[in-house]
Amino acid sequence: MTATVVERKWHTTAEVAQMLGYGLSKTKMLVLTGEIRSIKDGRNRRILPRWVDEYVERLAREVEEQWSA
């Protein structure tokens, strides 16, 4: 029998905070200011994995631009 791996479609704010090594309050602020995109699902916020990647890539790009200036 083959085990099926279910890939998560989205993450909670707390999961993203843990992934990034940030505190929950910092991550919530990033969501509220639009730095990290999210969608409202009832009373909860959900963040797509690609949006986390976009945030990290944007930060990396900004640092690279600072070093090349």
Asks: Does Met19 belong to the same Ile/Leu/Val/Met/Phe/Trp/Tyr cluster as Tyr22, with side-chain heavy atoms less than 4.5 Å apart forming each link?
Replies: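 Looking at the clustering, Tyr22 is in the same group as Met19.
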
Asks: Do Val52 and Leu59 sit in one hydrophobic cluster, given that two such residues count as connected whenever their side-chain heavy atoms are within less than 4.5 Å of each other, even indirectly?
Replies: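 Same cluster: Val52 reaches Leu59 through Ile, Leu, Val, Met, Phe, Trp or Tyr contacts under 4.5 Å.
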
Asks: Distance check, rounded to the nearest 0.5 Å: Thr27 atom OG1 versus Ile36 atom CD1?
Replies: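 Result: 6.0 Å between the selected atoms.
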
Asks: CG/Asp53 to CG/Leu48 distance, rounded to the nearest 0.5 angstrom?
Replies: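 Atom-to-atom, Asp53:CG and Leu48:CG are 10.5 Å apart.
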
Asks: Do you know which two heavy atoms are closest between Tyr55 and Glu35, and how far apart they sit?
Replies: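 For Tyr55 and Glu35, the tightest heavy-atom pair comes out as CD1-O, 3.6 Å.
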
Asks: Rounded to the nearest 0.5 Å, how far does CG of Leu32 lie from CZ of Arg45?
Replies: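 The CG atom of Leu32 is 7.0 Å from CZ of Arg45, to the nearest 0.5 Å.
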
Asks: Taking the side chain as every heavy atom from C-beta outward, state whether Arg37 and Ile47 have any atom pair closer than 4.5 Å.
Replies: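 Heavy-atom side-chain distance check fails, nothing below 4.5 Å.
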
Asks: Does atom NZ of Lys9 have more than 12 heavy-atom neighbours from other groups under 6.0 Å away?
Replies: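 Counting other residues, nucleotides and ligands, NZ of Lys9 stays at 12 neighbours or fewer.
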
Asks: Say you draw a straight line from CG of Leu20 to NE2 of His11; how long is it, rounded to the nearest 0.5 Å?
Replies: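 Leu20 CG to His11 NE2: 10.0 Å, rounded to 0.5 Å.
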
Asks: For Pro49 and Trp10, which heavy atoms make the closest approach, and how far apart are they?
Replies: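 Looking at all heavy atoms of both residues, the closest pair is CD-CA, 4.0 Å.
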
Asks: Write down the atom of Lys28, the atom of Thr13, and the distance for their closest heavy-atom approach.
Replies: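 The pair with the smallest heavy-atom distance is CG-CG2, 3.7 Å.
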
Asks: Nearest 0.5 Å, what's the CZ-CD distance between Arg46 and Glu15?
Replies: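 The distance works out to 7.5 Å.
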
Asks: Report yes if some heavy atom in the side chain of Val31 is under 4.5 Å from a heavy atom in the side chain of Trp51; otherwise report no.
Replies: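 When only atoms from C-beta onward are counted, Trp51 and Val31 do not touch, as no gap falls below 4.5 Å.
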
Asks: Of all the heavy-atom pairs spanning Gly23 and Ala17, show the shortest one and how long it is.
Replies: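 Here Gly23 and Ala17 meet closest at O-CB, 3.9 Å.
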
